There are 2 protein chains.
Amino acid sequence: MDRKPNSQTTAIWVLLNIAHKRVTQTFEAELKRAHLPSAAWYDILWALERAEEGMRQNELERQSLFDQPNLSRTIKRMVDDGLVTQCPAATDRRGRELRITEEGKALRAQMWKVYGGLMLSEIEDKVPAEHLAGLIEGLASMIPDQDEKLQGKLKNARETAINPPKGPC
Amino acid sequence: MDRKPNSQTTAIWVLLNIAHKRVTQTFEAELKRAHLPSAAWYDILWALERAEEGMRQNELERQSLFDQPNLSRTIKRMVDDGLVTQCPAATDRRGRELRITEEGKALRAQMWKVYGGLMLSEIEDKVPAEHLAGLIEGLASMIPDQDEKLQGKLKNARETAINPPKGPC
DNA sequence: ATTAGATACATGCACATGCATCTATTATTT
DNA sequence: AAATAATAGATGCATGTGCATGTATCTAAT
């Protein structure tokens, strides 16, 4: 190797790992403490709640960080728990049409109280304003532009910010 | 809930997850492609290589992102692979004194060719200079200052930058 | 010195993840 | 129309992770 990473590169790599693990663990621990499912379930529920017409499973796969087999199993558990329905797709008999149930919506609203609060306490209250732009742009720069998961996720993020969950939140 | 996360907070949360998963998966995939162990193994080998006098297992636990049971098993596998020795500690018979073997050093050097290259291609070449500071400070701000793992890891990072691996790198 | 508590590490178990592969259906080629 | 390839989704298997607990040793309190 002719080049070696500089100290800022090393710091980013190290901090990315530590920050992600710490924030993630805090989220998961607090959700568990409230007897709620994991953050990944929230993301699925919220994606399906915004898709009024239902959503194909492969489309959800693109928008989520799940790989296909893992999403398949997760959806199965959510169906078993009555949070989601999974019907054969109308136009493609290979496919599955996913829809959130009323029970699923109720759970998502319940989760939002914890999940949204954690976003405030673990991120919004901690990252100083002068580093917001650098953090966001820096993180985004490590993700390929054509990344479909990013497009889906960012769309998700934008809509989350614009159309926050209604109800008692 | 009286407050709700703003769009920047949402973006950080989403991007943190996506960027971490993407970068991590790239690292793991490339290491696997080169028939090398995971990045976590590299971190352990490098920590032990810098500890000339050997290192207690609980000290390594503080410096790594492993929790205790997981580190215990990982070390066992590394011992089985001849990369690390694990002797009873001299002063505390509960403890274990870890030391890297010559074979372990050789593997770490081998891994560095891939690992270091990935830090360059996935981070250094992608994050524009104007966002370096914001990214680093932003990530650090999400980690509690008194976090021992951070102290250990940052020390690690500093030394990695200051005393880069020798040899054919 | 004895006991109670803390610490270091190991182990068992439940669950999540990544990867390869399988089946069913659709699309494409000839 | 038949054959081939591509796609949607499910399943099996190996591995990793978090958490509770177990065992041994050390420390502190009485």
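Owing to the predicted nature of the structure, the values given are computational and were not obtained by experimental measurement. So that the names make sense, note that chain A is the first sequence line, chain B the second, and so on, each numbered from 1.
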| said: Using a 4.0 Å heavy-atom cut-off, does N70(A) contact any base of the nucleic acid, only the sugar-phosphate backbone, or nothing at all? | reply: base

| Any idea how F27(B) and Y115(B) line up, ring-wise: parallel (<30°), tilted (30 to 60°), or perpendicular (>60°)? |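 It falls in the perpendicular class, over 60°.
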
| message | Which label fits H20(A) and H20(B): parallel for a plane angle under 30°, tilted from 30 to 60°, or perpendicular past 60°? | response |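 Rings of H20(A) and H20(B): parallel, as their planes differ by under 30°.
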
Can you find an N or O donor on one side and an acceptor on the other, under 3.5 Å apart, linking the side chain of [X] with the base of [N]?
{"X": "R94(B)", "N": "dT7(C)", "result": "yes"}
{"X": "R73(A)", "N": "dG9(D)", "result": "no"}
{"X": "Q68(A)", "N": "dA10(D)", "result": "yes"}

| query | Checking D81(A) side chain against L83(A) main chain: does a donor-acceptor pair fall under 3.5 Å? | reply | no

| Short side-chain to backbone donor-acceptor contact, E124(B) and N6(A), under 3.5 Å | yes

| message | For the residue pair E61(A) / Q57(A), report whether a side-chain donor-acceptor contact shorter than 3.5 Å exists. | response | no

Proximity to the side chain of [X] - top-ranked nucleotide from [options]:
{"X": "K76(A)", "options": "dC19(D), dT11(D), dG16(D)", "value": "dT11(D)"}
{"X": "R93(A)", "options": "dT25(C), dG18(C), dT11(D)", "value": "dT25(C)"}
{"X": "D67(B)", "options": "dC19(D), dG18(C), dT11(C)", "value": "dC19(D)"}
{"X": "K21(A)", "options": "dG18(D), dG9(D), dT11(D)", "value": "dG18(D)"}

[N] OP1/OP2 closer than 4.0 Å to side-chain N/O of [X]:
{"X": "Q86(A)", "N": "dA8(D)", "answer": "no"}
{"X": "Q57(B)", "N": "dT7(C)", "answer": "no"}
{"X": "N58(A)", "N": "dA8(D)", "answer": "yes"}

When the distance from [atom1] of [X] to [atom2] of [N] is rounded to whole Å, what number comes out?
{"X": "L31(B)", "N": "dC19(C)", "atom1": "CG", "atom2": "P", "result": "13 Å"}
{"X": "R62(B)", "N": "dA8(C)", "atom1": "CZ", "atom2": "C1'", "result": "10 Å"}
{"X": "L60(A)", "N": "dG9(D)", "atom1": "CG", "atom2": "P", "result": "10 Å"}
{"X": "R56(A)", "N": "dT26(C)", "atom1": "CZ", "atom2": "C1'", "result": "11 Å"}
{"X": "E30(B)", "N": "dG18(C)", "atom1": "CD", "atom2": "P", "result": "16 Å"}
{"X": "E28(A)", "N": "dC15(C)", "atom1": "CD", "atom2": "P", "result": "15 Å"}
{"X": "Q25(A)", "N": "dG16(D)", "atom1": "CD", "atom2": "P", "result": "18 Å"}
{"X": "W41(A)", "N": "dC15(C)", "atom1": "CH2", "atom2": "P", "result": "11 Å"}

| said: Reading DNA chain D from 5' onward, which residue's closest nucleotide shows up sooner: K32(A) or S72(A)? | reply: S72(A)

| query | Is it true that E53(A) and R99(A) have a side-chain N and a carboxylate O under 4.0 angstrom from each other? | reply |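 So E53(A) does not pair with R99(A) through a salt bridge.
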
| said: Judged by each residue's nearest nucleotide on DNA chain C, which is more toward the 5′ side, A29(B) or R77(A)? | reply: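 Per heavy-atom nearest nucleotide, the more 5' residue is R77(A).
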
